[in-house]
Amino acid sequence: MANETPQVMTIAGTDSSGGAGVSADLKTFFAHHVYGANVIVSVTAQNTIGVQDVQMVTPDMVTQQLTSVGNDLKISAFKTGMLGDAVTVHTVAAAILKQDFGDYILDPVMIAKGGARLLTEQAIDAVISDLLPLATLVTPNLPEAEVLAHSQIKTHEDVADVAKRIQLLGAKNVLLKGGHGNEKKVYDYVLLENGEHFWMTSQRVDTVRTHGTGDTISAAITAQLALGETLKNAIITAKAYVDATIRNGIYVGHGHGPLNHSASVIDSNQPEVLDDL
Ligand SMILES: Nc1ncnc2c1ncn2[C@@H]1O[C@H](COP(=O)(O)OP(=O)(O)O)[C@@H](O)[C@H]1O
Ligand SMILES: Cc1ncc(COP(=O)(O)OP(=O)(O)O)c(N)n1
């Protein structure tokens, strides 16, 4: 039999404007030449300006979608994005415990760039108790990391400290994304299971067209793992990809515009990787 195409899955919400959520994930999977399945847990009426409405999919339907995918496809890595509420978090956790979908990247989406809540307050505890221990890697941005760790981040030392706290909550590996910082460079921090840690830095692109950056980097890591990369290389390669998608901007919408998922990665997109700053 011919080698099967690498298959990955996203469990997330839709964005009607196509920039974030499942749309960003599928575009990223396609750009990485892996096959992407999608399990929809919520539908958002959303554009580059904000989120106008959200409707959750029923727990039974979420479970059924996961069963349908699991009964047929050979998923070797998957990610979760917007999960919305605690019931959905519990439902997804129960289903992924039952079926082996391979490496799990947990993007703990809480608030969209426009300010809309995409995860209820009660669901945060459910993410920590049910999903963190199952994840290969968790990828919070700065505000999400503060919420998970119950600790403020003001300095680079705080970033490393908060990543350690998140690991102590049960996460094996942590990528703490620095897009919400205000320095001239962006600083992403990685803490691996074996204690290895490193920073990835790149020049901050002066743009508001960053809708879906978190979805995109977590989907790119998922794809790289399915292609057989080590976790460390997957993270660094994914960072270069998201940099290319931001730097080669496209002009869509009137607010936080979407990324250019068909951008090519060139040498200058590679982050500087440093053990310490
Ligand atoms: N303006 C920017 N210039 C360059 N890289 C950015 C910029 N904004 C975000 N990134 C990168 O995009 C990725 C996602 O970061 P972030 O925006 O913090 O996540 P989220 O979309 O979850 O809020 C990170 O690798 C971060 O360094
Ligand atoms: C349906 C949906 N899922 C996730 C997000 C958040 O995506 P993210 O990559 O964190 O990007 P921003 O929205 O923060 O730019 C979303 N907006 N919608």
Side-chain angles (χ1 to χ4, degrees), residues 10-28 38 40-57 79-84 88 105-119 138-147 153 159 175-190 199-221 235-249 253 255-259 261 263 268-273:
T10 175
I11 306 173
T14 65
D15 165 4
S16 50
S17 68
V22 167
S23 306
D25 294 339
L26 290 181
K27 289 177 201 175
T28 302
N38 47 215
I40 310 296
V41 307
S42 63
V43 178
T44 73
Q46 182 175 176
N47 54 29
T48 65
I49 299 163
V51 178
Q52 290 78 43
D53 206 355
V54 176
Q55 203 157 98
M56 297 302 295
V57 169
K79 63 160 279 189
T80 55
M82 173 189 176
L83 294 178
T88 306
I105 309 304
L106 165 56
D107 182 5
V109 173
M110 293 182 193
I111 294 179
K113 289 238 160 56
R117 263 215 102 85
L118 300 177
L119 188 71
V138 60
T139 65
N141 61 25
L142 287 165
E144 290 159 354
E146 290 184 326
V147 169
I153 298 176
V159 170
L175 161 61
L176 210 161
K177 302 167 297 189
H180 293 246
N182 51 16
E183 293 168 279
K184 275 198 145 167
K185 286 182 166 188
V186 281
Y187 296 88
D188 290 10
Y189 180 74
V190 179
W199 293 89
M200 300 186 294
T201 72
S202 57
Q203 290 301 322
R204 179 178 296 280
V205 184
D206 184 14
T207 177
V208 291
R209 300 180 182 282
T210 56
H211 186 51
T213 46
D215 295 311
T216 298
I217 193 167
S218 55
I221 295 167
I235 293 169
I236 296 170
T237 311
K239 166 71 185 170
Y241 173 68
V242 78
D243 190 75
T245 66
I246 301 168
R247 226 163 269 283
N248 297 285
H256 292 287
L259 308 175
H261 286 94
S268 61
N269 297 122
Q270 297 301 333
E272 198 177 356
V273 178

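The first residue in the sequence is number 1, and the count goes up from there. All ligand and atom numbering here is 1-based and tracks the order in the structure. This structure is a prediction, so every number in the text was calculated from the model and none was measured.
Contact of the Lys185 side chain with the Arg204 side chain is not registered, since no non-hydrogen atoms from C-beta on lie closer than 4.5 Å. Side-chain contact between Lys113 and Val208: absent, with no pair of heavy atoms (C-beta onward) separated by less than 4.5 Å. Between Asp107 and Asp215, the closest side-chain pair of non-hydrogen atoms falls below 4.5 Å. Between Pro271 and Asp243, the closest side-chain pair of non-hydrogen atoms is not below 4.5 Å. Taking 4.5 Å as the limit, some side-chain heavy atom of Ile246 sits within range of a side-chain heavy atom of Leu259. For the pair Thr139/Lys177, a side-chain contact is recorded, criterion being any heavy-atom separation below 4.5 Å from C-beta on. In this structure, His211 and Ser17 have side chains that are in contact, with non-hydrogen atoms separated by less than 4.5 Å. Under the 4.5 Å side-chain criterion, counting only non-hydrogen atoms from C-beta, Thr28 is not in contact with Ile217.
In this structure, CD1 in Ile221 is found 9.5 Å from NZ in Lys79, a value given to the nearest 0.5 Å. To the nearest 0.5 angstrom, Arg117 atom CZ is 11.0 Å from Met82 atom CE. Here the OG1 atom belonging to Thr210 is positioned 7.5 Å from the NE2 atom belonging to His180, to the nearest 0.5 angstrom. The distance from atom NE2 of His256 to atom CD1 of Ile49, rounded to the nearest 0.5 Å, is 10.0 Å.
Panel note: side chain Thr80, backbone Leu106; no donor-acceptor pair is recorded below 3.5 Å.
Taking every heavy atom of Ala20 and a limit of under 4.0 angstrom, the matching atoms of ligand 2 come to 5 (C), 7 (O), 16 (C), 17 (N), 18 (N). Each of the atoms 1 (C), 3 (N) of ligand 2 lies under 4.0 Å from some heavy atom of Met82. The contact set between ligand 1 and Asn141, taken as ligand atoms under 4.0 Å from a residue heavy atom, comprises 18 (O), 19 (O), 20 (P), 22 (O), 23 (O). Taking a cut-off of under 4.0 Å to the non-hydrogen atoms of Gly21, the atoms of ligand 2 that pass are 1 (C), 2 (C), 3 (N), 4 (C). Set against the non-hydrogen atoms of Ile217, the atoms of ligand 1 under 4.0 Å away are 25 (O). In summary, the atoms of ligand 1 found under 4.0 Å from a heavy atom of Arg204, numbered by their order in the structure, are 1 (N), 3 (N). Of all atoms in ligand 2, listed by their number and element, those nearer than 4.0 Å to a heavy atom of Thr210 are 15 (O). Annotation for ligand 2: atoms under 4.0 Å from non-hydrogen atoms of Gly214 are 9 (O).
Regarding atom 23 (O) of ligand 1, its nearest protein heavy-atom neighbour is His180 NE2, 2.6 Å. Closest to atom 5 (N) of ligand 1 among all protein heavy atoms lies Ile246 CD1, 3.5 Å. Shortest contact from atom 9 (C) of ligand 1 to any protein heavy atom: Gly179 CA, 3.6 Å. Closest to atom 14 (O) of ligand 2 among all protein heavy atoms lies Lys113 CG, 3.0 Å. Looking at atom 3 (N) of ligand 1, its nearest protein heavy atom turns out to be Val205 N, 2.8 Å.
Distances between N or O atoms of Leu118 and those of ligand 2 include no value under 3.5 Å. At least one N/O-N/O distance between Lys113 and ligand 1 falls below 3.5 Å. Considering backbone and side-chain atoms alike, Thr14 places every N or O at 3.5 Å or more from each N or O of ligand 2. Any N or O atom pair closer than 3.5 Å counts here, and Ser202 shares no such pair with ligand 1. Considering backbone and side-chain N/O atoms, Thr216 never comes within less than 3.5 Å of an N/O atom of ligand 2. Distances between N or O atoms of Gly212 and those of ligand 2 include at least one value under 3.5 Å.
Looking at Thr213 against ligand 2, only its backbone comes within 4.0 Å, counting heavy atoms. Under 4.0 angstrom from ligand 2, the non-hydrogen atoms of Gln46 all belong to its side chain.
When Thr216, Leu176, Asp188, Val186 are ranked by how near their heavy atoms come to atom 25 (O) of ligand 1, first place goes to Asp188. Counting heavy atoms only, Asp215 comes closest to atom 9 (O) of ligand 2 of the residues Val22, Asp215, Thr139. Between the choices Arg209, His256, Lys239, Lys177, the shortest heavy-atom distance to atom 27 (O) of ligand 1 belongs to Lys239. The option with the heavy atom closest to atom 21 (O) of ligand 1, from among Thr210, Thr213, Leu142, is Thr213.
Under the salt bridge (Lys or Arg N to Asp or Glu O under 4.0 Å) criterion, no residue pair touches residues 40-57, with sequence neighbours excluded.
Classification of the Trp199-Tyr187 ring pair by plane angle, with boundaries at 30° and 60°, yields perpendicular.
For His211, the closest heavy-atom approach to ligand 2 falls below 4.0 Å.
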